[in-house]
Number of protein chains: 2
Amino acid sequence: MKKRTYSCGLDAAVDVVGGKWKALILWALHDEPRRFGELRRMLSDISEKMLIQQLREMETCGLVHREVYHQVPPKVEYSLTELGQSLNTALLPLGEWGDKHMETIEAIPRD
Amino acid sequence: MKKRTYSCGLDAAVDVVGGKWKALILWALHDEPRRFGELRRMLSDISEKMLIQQLREMETCGLVHREVYHQVPPKVEYSLTELGQSLNTALLPLGEWGDKHMETIEAIPRD
DNA sequence: CTGCATCCAAAAAGATACTG
DNA sequence: CAGTATCTTTTTGGATGCAG
């Protein structure tokens, strides 16, 4: 969500789901609502800052719903909206492509 | 292609096609080979540096083939490899998702 | 025409300490 | 537990000039 206009749908979709984490977060939420700490553990390499930042952006986009339980200790659950679920579905073929070619890609020299 | 290991296929695929331009370049090449200047015109807002940079990375990944014609003036054609085409196919649903929801997304306040 | 090299600015990401 | 605030590092993008 950095741009304001898109040249095509693919442009828009990549803008929304791009970046290092959003697709993974979407996937982490695909089957059931997750708490903040739960997500942090699932995406073990993400910092708290990035996690909350990405979640907020996805909430703004209407991909994710945030449910606050006013308790002590606090509890917040994140879940996919319908839009989020439809995006997740659209990402499935991409995930399969990745599964199939992951090893090839990992084997490419980076430097 | 910033990472060396992936947590899942989706992770890998987003890494490969992520960034501001790669998906658009892939799409620009989907029907026929394109020359450098042609691509530059199709992606009107890209700088030469970014275009060549992204093309090189995609070449390294095995997504794009680069064919040099030793002529004066020089001519270079870029085309999709089979891997590139399969990735493009995997991106189709994402493009459709984008087409469907683009206006909603564009309407979201950025600041 | 196709590209490389350099320098610079902006944005994204990360580490760490702190709070209700 | 679920964040905020601040600072630093890394990555990305862009402008310009030069070359085969």
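Heavy atoms only: backbone and side chains are in, while hydrogens, waters and symmetry mates are out. Chain letters run A, B, ... following the sequence lines, proteins first and then strands; every chain starts at 1.
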(message) Under 4.0 Å, heavy atom to any atom of DNA chain D: which of residues 32-63 of chain B qualify?
(response) K49(B), M50(B)
(request) Could you tell me the separation between the NZ atom of K3(A) and the C1' atom of dA12(C), rounded to a whole number of Å? (result) 16 Å
(request) Please check if the side chain of S44(A) supplies one atom and the backbone of R41(A) the other of a donor-acceptor pair under 3.5 Å. (result) no
(request) Indicate the ring-plane relationship of H30(A) and W27(A), choosing parallel, tilted or perpendicular according to the 30° and 60° boundaries. (result) parallel
(message) We want to know whether E67(A) and H65(A) form a side-chain donor-acceptor pair, criterion being a heavy-atom distance below 3.5 angstrom.
(response) yes
(request) Check whether any side-chain N or O of D99(B) sits under 3.5 Å from a backbone N or O of C8(A) as a donor-acceptor pair, and report yes or no. (result) no
(request) Starting at atom NZ of K2(A), determine the distance to atom P of dA11(C), rounded to an integer number of angstrom. (result) 12 Å
(request) Mind listing the closest non-hydrogen atom pair of M58(B) and I25(B) along with its distance? (result) SD-CG2, 4.0 Å
(request) Give the rounded distance in Å between these two atoms: OH of Y78(B) and P of dC1(C). (result) 14 Å
(message) Over the length of the helix from dC1(C)-dG20(D) to dG20(C)-dC1(D), how much do the five-pair end axes diverge, rounded to 10 degrees?
(response) 50°
(request) Among the candidates dT2(C), dC1(D), dA2(D), find the nucleotide nearest to the side-chain atoms of P73(A). (result) dC1(D)
(message) With no hydrogens and no angle check, just 3.5 Å: does a side-chain donor-acceptor pair link E77(A) and Y69(A)?
(response) yes
(message) Rounding to an integer number of Å, can you tell me how far E77(A) CD sits from dG3(D) C1'?
(response) 17 Å
(message) Hydrogens and angles aside, do R34(A) and Y78(A) bring a side-chain donor and acceptor to less than 3.5 Å of each other?
(response) no
(message) Rounded to the nearest 0.5 Å, what separates atom CG in L87(B) from atom CG in L80(B)?
(response) 9.0 Å
(message) Taking only side-chain N and O atoms of K20(B), does any of them lie within less than 4.0 angstrom of OP1 or OP2 on dA11(C)?
(response) no
